[in-house]
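Sequence lines set the chain letters: A, B, ... in the order given, protein chains first and strands last, and positions in each chain run from 1.
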Amino acid sequence: MIKITLPDGAVREYEKGTSALQIAQSISEGLARNVLSAKVNGEVWDATRPINSDASLQLLTWNDADGKETMWHSSAHLMAEALEALYPGVKFGIGPPIENGFYYDVDLGEHTLSPDDLPKVEKKMLELAQQKNVYNRKEVSKKDAIAYFQEKGDEYKLDLLEDLADGSITFYEQGKFTDLCRGPHIPNTGFIKAVKLLNIAGAYWRGDETKKQLTRIYGITFPKQKELDEYLVMLEEAKKRDHRKLGRELDLFTFSDKVGMGLPLWLPAGAALRERLQNFLQKAQVKAGYLPVVTPHIGNKQLYITSGHYEKYGKDSFQPIRTPQEGEEFFLKPMNCPHHCEIYKSRPRSYKDLPIRFAEFGTVYRYEQSGELHGLTRVRGFTQDDAHLFCRPDQVKEEFCKVIDLVLYVFRALGFENYTAQISLRDKVDRAKYIGTEENWNKAEQSIIEAAAEKGLKTVIEYGEAAFYGPKLDFMVKDAIGRKWQLGTIQVDYNLPERFELEYTGSDNQKHRPVMIHRAPFGSMERFVAVLIEHCAGKFPLWLTPEQVAILPVSDRFNDYAHSVLEELKNSDIRGYVDDRSEKVGKKIRDNELKKVPFMLIVGEEENASRTVSVRKQGETGGDQGKMSISDFAALINREVNERLASIK
RNA sequence: GCCGCUGUAGCUCAGUGGUAGAGCACUUCCUUGGUAAGGAAGAGGUCGGGGGUUCAAUUCCCCCCAUCGGCUCCA
């Protein structure tokens with residue numbers, strides 16, 4: 001008999017060799033029907049795999065991330081089976097589960113596959129799924145595994161096998177398909193009830209562009225058709241929120257081939273939004289002791305030789321600008337830190353001066369490969385909400401705490417309620433690639449972990465993800481429809497202070513090297529605005545939105561009154577405009593609804609006579625909120641704006 | 001940069017081996033209206049660019065360019 005410990009602490013006894021699925025059946029038949037896989041002593045196993053010794057056990061269902069992963073991994077195998085049935089001779093690369101679904105990289109040989117072919121594959125997958133084929137785990141020797149794939153002629157699997165140790169190789173087999181796979185898998189294909197293949201893309205074998213390009217097919221599956229339908233609705237919603245589409249519809253920004261790809265042009269409404277965001281952060285930063293600085297858009301080659309960026313990125317970057325007479329070389333600045341280091345060096349610093357915090361909304365230019373450009377999220381010219389903190393090693397933790405406060409303030413102000421932090425530390429083993437002393441690294445890593453814990457952040461620690469110059473903390477937010485974005489970042493840097501020979505005089509009258517911290521709560525204005533647009537679907541918070549009210553005269557006769565209302569509102573710092581086109585109110589309401597202006601004020605005979613406005617709120621059908629005096633309306637708006645900003649302090 | 005899809009009016013999109021169409025937007029006129037589209041007329045396109053096949057190419061072929069979906073990269 002073996003002892004099985006369940007998550008609630010209960011211990012049950014079973015025959016040796018009992019599987020998780022059988023244990024589930026002993027608890028409840030309904031539970032057993034939903035078990036996809038199981039966590040045995042912290043490791044995810046097939047639910048059908050016999051357990052031979054005492055173990056802790058957690059049954060995994062569709063409600064567990066690991067359960068979903070198992071399902072999608074099995075779905076990749078199912079897709080492979082379907083592809084093999086439809087396109088004999090197809091070869092397979094890798095087919096892992098991903099955050100939303102799975103993919104499989106395949107070599108179709110003579111065949112080609114277009115999106116039009118996907119429904120056919122989906123149909124085949126469902127057909128195979130209904131056979132409820134069991135996923136059989138089989139341990140094989142390396143020799144047999146190689147023989148199998150040699151016979152099959154699948155060089156990719158053979159390539160993978162080279163890296164695997166004999167004795168640890170397993171095959172999974174379902175229906176007519178056998179794959180080299182570590183597993184685990186769901187009990188049988190019958191769990192897969194709904195299938196959608198989403199898109200096709202090229203992907204190099206092992207991500208190496210010198211190797212052959214395979215066809216990557218992305219898909220997702222669900223245990224219920226309804227869940228697939230909901231997922232598809234979510235995708236539709238994401239499409240509607242696409243910042244590139246909304247950016248055009250709301251006249252926020254545009255691109256021009258003549259100006260150059262990846263170089264956004266901010267239209268008046270977008271510029272207003274962006275400027276408001278900047279002012280908001282600037283104000284918070286000044287309050288937090290930051291010192292705004294301004295630096296030019298180009299820097300001498302020498303600056304980047306000193307910083308080390310020239311060596312690392314020089315050839316891949318934009319080419320230098322040369323002065324006509326002297327032939328001096330300048331680069332468009334790809335980051336602000338070297339300039340800020342020189343500001344630090346502009347005079348001797350004392351330990352009493354630290355920390356020093358230089359902040360700049362600095363526009364930088366980076367060469368991004370053409371295929372990588374994407375709306376505002378991936379551009380060649382963008383403005384960072386940058387700042388560099390120079391401090392003593394013993395101040396790192398406190399500075400981190402302060403930056404975390406600032407970042408969370410920003411998130412709350414903009415309605416990002418759902419966020420996590422990723423702490424990136426050194427690789428646990430390989431430490432050769434990191435610059436800086438062991439002592440400083442340990443101190444900084446510890447400081448970050450403590451600061452995050454003190455601020456109650458939900459964190460994940462990733463080893464080996466630190467930059468060569470220091471550990472970092474990145475913020476990931478979840479937007480209104482559940483997508484994750486990486487926004488703010490805080491990074492420790494030991495490299496630049498060294499390279500620029502930054503110093504301060506300590507209380508011991510000796511020279512010391514300051515620690516530098518890069519940080520950007522937004523990341524970049526461009527990326528942040530893009531995420532914000534998609535998060536709020538273009539309906540910006542009242543304090544931020546480019547236009548707060550649209551005044552709609554019922555007929556031309558009331559245009560004068562409408563303009564006088566606007567003047568009065570402007571005096572109360574409210575932003576708006578009069579829609580004085582010769583159109584019917586219904587038309588004006590529709591157009592302004594689509595522009596997502598938060599408030600519409602309808603004015604006509606009655607309002608003119610009583611010096612009032614009829615208020616309509618955006619997004620509420622039949623949204624007439626009744627009449628109100630102009631000053632009451634102004635007070636209403638200002639109260640809403642101030643309360644919102646005051647409540648998040 | 002690589003692979004694949006796409007490229008027709010400002011936007012969304014039809015369509016054809018015989019040099020083009022709709023809706024919205026725009027302009028003008030009529031209409032002066034009460035909570036999500038009033039009516040009429042007009043203007044607007046070297047059908048992404050270049051080359052080829054053809055009597056004739058927006059349509060077929062090739063090469064570029066750009067978009068989109070991925071890959072790779074990301075100070």
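Rounded to whole Å, the P atom of B:G38 lies 27 Å from the corresponding atom of B:G21. If you take atom C1' in B:C65 and the same atom in B:A22, they sit 29 Å apart, rounded to whole Å. Atom P of B:G23 sits at a distance of 10 Å from the matching atom of B:A40, rounded to the whole Å. Annotation: B:G18 and B:A56 have their P atoms spaced 14 Å apart (nearest Å). Rounded to the nearest Å, the gap between the C1' atom of B:U19 and that of B:U12 is 25 Å. Spacing between B:G49 and B:U54 at atom P, rounded to whole Å, works out to 23 Å. Only the C1' atoms considered, B:A75 is 28 Å distant from B:C68, to the nearest whole Å. Distance noted for atom C1' between B:U8 and B:A20: 8 Å (whole Å).
When each of A:D242 and A:Y469 is assigned the nucleotide of RNA chain B bearing its nearest heavy atom, the one mapping closer to the 5' terminus is A:D242. Summary of the strand contacts: A:C337 and A:R216 both lie near RNA chain B, and taking for each the nucleotide with the nearest heavy atom, the more 5' one is attributed to A:R216.
Salt-bridge annotation for A:E534 and A:R483: present, with a side-chain N of the basic residue lying under 4.0 Å from a carboxylate O of the acidic one. The pair A:K595-A:D579 does not meet the salt-bridge criterion, since no charged nitrogen lies less than 4.0 angstrom from a carboxylate oxygen. Ion pairing between a basic and an acidic side chain is recognised when a charged N comes within 4.0 Å of a carboxylate O; A:R581 and A:D591 show such pairing. Taking the charged nitrogens against the carboxylate oxygens, A:E360 and A:K333 do have a contact shorter than 4.0 Å, which makes a salt bridge.
Residue A:K157 places its NZ atom among more than 12 non-hydrogen atoms of other residues, nucleotides or ligands, all under 6.0 Å distant. Heavy-atom contacts from other residues, nucleotides or ligands closer than 6.0 Å to NZ of A:K345 number more than 12. The 12-atom threshold is not exceeded at CD of A:E501, counting heavy atoms of other residues, nucleotides or ligands nearer than 6.0 Å.
If you take NZ of A:K617 and C1' of B:A36, they are 18 Å apart, rounded to a whole angstrom. Rounded to whole angstrom, the span from the NE2 atom of A:H309 across to the P atom of B:C73 amounts to 19 Å. To the nearest angstrom, P of B:C74 lies 11 Å from NZ of A:K472. A straight line from CG of A:N608 to C1' of B:G34 spans 14 Å, rounded to a whole angstrom. In this entry the distance linking CD of A:Q486 with P of B:C74 reads 14 Å, nearest Å. In this structure, the CG atom of A:L263 is 14 Å from the C1' atom of B:A66, given to the nearest Å. The CZ atom of A:F255 sits 15 Å away from the P atom of B:C11 (whole-angstrom rounding). For A:L198 and B:G70, the CG to P distance is 10 Å, given to the nearest whole Å.
Nucleic acid contact for A:E606: base, since at least one base atom lies under 4.0 Å from a heavy atom of the residue. Among the heavy atoms of the strands, none lies under 4.0 Å from A:Y103. As judged by a 4.0 angstrom heavy-atom cut-off over every strand, A:T215 is placed among residues making no nucleic acid contact. Heavy atoms of A:M261 sit under 4.0 angstrom from primed sugar atoms or phosphate atoms, though from no base atom. Using a 4.0 Å heavy-atom criterion, one finds that A:R378 contacts the bases of the nucleic acid, with or without backbone contacts as well. Residue contacts shown for A:G604 include a base, since a base heavy atom lies under 4.0 Å away. Looking at heavy-atom distances under 4.0 Å, A:S307 makes no contact with the nucleic acid at all.
Below 30°, between 30° and 60°, or above 60°: for A:H309 and A:Y304 the angle between ring planes is above 60°, a perpendicular geometry. The aromatic rings of A:Y156 and A:W205 sit perpendicular to each other, their planes meeting at more than 60°, with 30° as the lower class boundary. Note: A:H518 and A:Y469 have tilted aromatic rings, judged against thresholds of 30 and 60 degrees for the angle between ring planes. Taking the six-membered ring where the residue is Trp, A:F390 and A:H388 present tilted rings, their angle falling between 30° and 60°. Between A:Y365 and A:H297, the ring planes are tilted. Angles from 30° to 60° get that label.
The phosphate of B:U67 has neither OP1 nor OP2 within less than 4.0 Å of any side-chain N or O from A:H374.
In secondary-structure terms, RNA chain B builds stems of at least 3 consecutive Watson-Crick or G-U pairs, each pair having both distances under 3.5 Å, at B:1-4 with B:68-71, B:10-13 with B:21-24, B:26-30 with B:38-42, B:48-52 with B:60-64.
Within residues 551-559 of chain A, the residues approaching RNA chain B are A:V554, A:S555, A:D556, A:R557, by heavy-atom distance under 4.0 Å.
Among the nucleotides B:U12, B:G33, B:A36, the one closest to any side-chain atom of A:V585 is B:G33. Closest to the A:I589 side chain, of the nucleotides B:G33, B:A75, B:U35, is B:U35. Ranking B:U35, B:A75, B:C68 by closeness to the A:R244 side chain, first place goes to B:C68. Distance from the side chain of A:Y218 is smallest for B:G70 among the nucleotides B:G33, B:U35, B:G70. Here the side chain of A:M335 is nearest to one of B:U35, B:A75, B:G34, namely B:A75.
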Please report the C-alpha distance between A:Y344 and A:F358 in whole Å, then the side-chain angles of each, then the deciding distance to 0.1 Å, and finally whether the ring pair (Phe, Tyr, Trp, His ring centres under 6.0 Å) criterion is met.
CA-CA 9 Å; A:Y344 179 90; A:F358 294 136; 7.2 Å; no
I'd like to know whether A:L601 forms a side chain to side chain contact (heavy atoms under 4.5 Å, CB included) with A:M628, so could you lay out the CA-CA distance, the side-chain angles of the two residues, the decisive distance to 0.1 Å, and finally the verdict.
CA-CA 10 Å; A:L601 302 179; A:M628 200 177 279; over 6 Å; no
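With hydrogens and angles ignored, a donor-acceptor pair closer than 3.5 Å exists between the side chain of A:E607 and the base of B:G34.
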I'd like a list of close polar pairs between nucleotides 22-26 of chain B and the protein, N/O only, cut-off under 3.5 Å.
from: B:A25; atom 1: OP1; to: A:K587; atom 2: NZ; distance (Å): 2.4

